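None of the values given here were measured: they were computed from a predicted structure. Counting starts at 1 for both ligands and their atoms, following the listed order. Computed over heavy atoms, backbone and side chain alike; hydrogens, waters and symmetry mates excluded.
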Amino acid sequence: MVLDSTSSMIQPDYDRKAELIAFDETKTGVKGLVDAGITEVPRIFLIPASNENIKSSDPPLLLPRPTLPTIDLNGINEDPIRRKEVIEKVKDALESWGFFQIVNHGIPDSMLEDVKKGVIGFHEQDSEVKKEWYIRDLLSQKRKVVYNSNFDLYAAPVTSWRDTCECMMAPNPPQPEELPLPCREIWPEYSSCVLKLGGCLLELISEALGLHPTHLLEMGCAEGLLVLGHYYPSCPQPELVIGSPNHTDNSFITVLLQDHVGGLQVFYQNQWTDVPHIPGALVVNAGDLLQLITNDKFVSSQHRVLANKMAPRVSVASFFSTNMIPTSKVFEPIKELLSKENPAKYRGTTVNEYVAHYAKKGLDGTSALLHFKI
Ligand code: OGA
Ligand code: NI
């Protein structure tokens, strides 16, 4: 590594850009490297020793280790006392962790299995067929489905050991033939269940803020849904790379389905804590846009995914956000939550302005929210 005196950025002493382009041009992502039988990871993936932000060694552990709350949604629509208890738990979790898991959420196990199978089916299909879906220039937007490796390939300081296939599933869902075959049936089915669940979660979150149950829905927090099917190939040298660097999500909320392999961690009380796999559970987290409209009451926490040697890992992340769809609706801290003592901390922004800033910056370990601070 050498220090570039003009930008004071650490620049690698190899032509990183050329190697990123060569990787991009394979159109087969990280999975393509593993299929080719590499035993050492290419240097674009190596975490620079200088980049403490990406994979800092853990500070001493707090004992007992904190455990991420799991909230049982059973009975919330029938029993007002249960509902109140759950709202209290949601409030506590979003104020501290920014994350929680849910069980009895109403999406059957068989559907969770099928959507994971669809993502595996996409990433493990014949690479010549898969290549046809590879696209980098998102602004051309000719296609609803985007498959590539590292959405921020040219902006991020470190390349993630991860490939992704994603599609906006709301407000304008794709026609079935626009979806890759392995996901064609299940993605629309799963998305409609996640939209319904998200509506229910946003009601609980509104109530946890002391607002009318439909407040966040009426603001438009459930208008868009971006579904991402991530694939983290098994890695010959997992300790040298990162599956996903620490980041926060640019959504209102994210509903995440992870498999049994593990590796997801959330930064809580100054240490990385595992998000354990609970069969049938879903992980819910607040994104930056929820932190912005709640004026920091609910936190969009840093999280990351470690790479591993044992097995490929899949996850399905459902982002409640209209993402890059141009809209004129401005989101700003909710008036009812503000007071003289608690003035607005952020300026208003549109979702697409926020997401564009987030993408341009790339996952560099800093929060995109800072740019919108008053
Ligand atoms: C994300 C994310 C975690 C995972 O998509 O933003 O954090 O487990 N995914 O894949
Ligand atoms: Ni995330």
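- Contact annotation: for Thr254 versus ligand 1, there are no heavy atoms closer than 4.0 Å.
- Taking every non-hydrogen atom of Ser315 and a distance limit under 4.0 Å, the qualifying atoms of ligand 1 come out as 4 (C), 8 (O), 10 (O).
- Atoms of ligand 1 lying under 4.0 Å from at least one heavy atom of Ala317, given by number and element, are 5 (O).
- The ligand atoms of ligand 1 that sit less than 4.0 angstrom from a heavy atom of Phe319 are 5 (O), 6 (O).
- Considering every non-hydrogen atom in both Leu20 and Leu153, the closest pair reads CD1-O, 3.6 Å.
- Contacts between His230 and ligand 1 below 4.0 angstrom, taking non-hydrogen atoms only, involve the side chain exclusively.
- With ligand atoms numbered from 1 in the order given, ligand 1 contributes 6 (O) to contacts under 4.0 Å with heavy atoms of Asp249.
- Heavy-atom contacts of Tyr232 reach the following atoms of ligand 1: 3 (C), 4 (C), 9 (N), 10 (O) (cutoff under 4.0 Å).
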Exercise. Going through the checks in order, is the salt bridge (charged side-chain N to carboxylate O under 4.0 Å, His left out) test met by Glu207 and Lys84?
Worked result: CA-CA 9 Å; Glu207 290 181 67; Lys84 257 209 145 107; over 6 Å; no
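- Our summary of the site lists the angle at the Ni ion (ligand 2) between NE2 of His247 and OD1 of Asp249 as 100°, to the nearest 10 degrees.
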For this session: Just do the ring pair (Phe, Tyr, Trp, His ring centres under 6.0 Å) check on Phe45 and Phe23 with the steps written out, would you?
Result: CA-CA 11 Å; Phe45 296 94; Phe23 169 66; 5.5 Å; yes
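- Of the protein's heavy atoms, His247 NE2, 3.8 Å lies nearest to atom 2 (C) of ligand 1.
- Using a 4.0 Å cutoff on heavy atoms, Gln258 does not count as a contact of ligand 1.
- Taking the side chain to side chain contact (heavy atoms under 4.5 Å, CB included) definition, one finds that Glu88 meets it with Lys91, Asp92, sequence neighbours left out.
- Residue contacts with ligand 1 include Arg313, since one or more of its heavy atoms lies under 4.0 Å from the ligand.
- Under a 4.0 Å criterion applied to the non-hydrogen atoms of Val305, ligand 1 contributes the atoms 3 (C), 4 (C), 8 (O).
- In this structure a side-chain-to-backbone donor-acceptor pair under 3.5 Å is present from Ser300 to Asp288.
- Between Phe298 and Phe252, the distance separating the two ring centers is not shorter than 6.0 angstrom.
- Partners of Gln101 under the side chain to side chain contact (heavy atoms under 4.5 Å, CB included) rule, at least two apart in sequence or in another chain, are Leu68, Thr70, Val275, Pro276, Ile278, Ala281, Val283.
- Tyr358 and His371 have their aromatic ring centers separated by at least 6.0 angstrom.
- Panel note: side chain His303, backbone Ser301; a donor-acceptor pair is recorded below 3.5 Å.
- When Arg162, Gln302, His303 are checked for heavy-atom proximity to atom 7 (O) of ligand 1, His303 turns out nearest.
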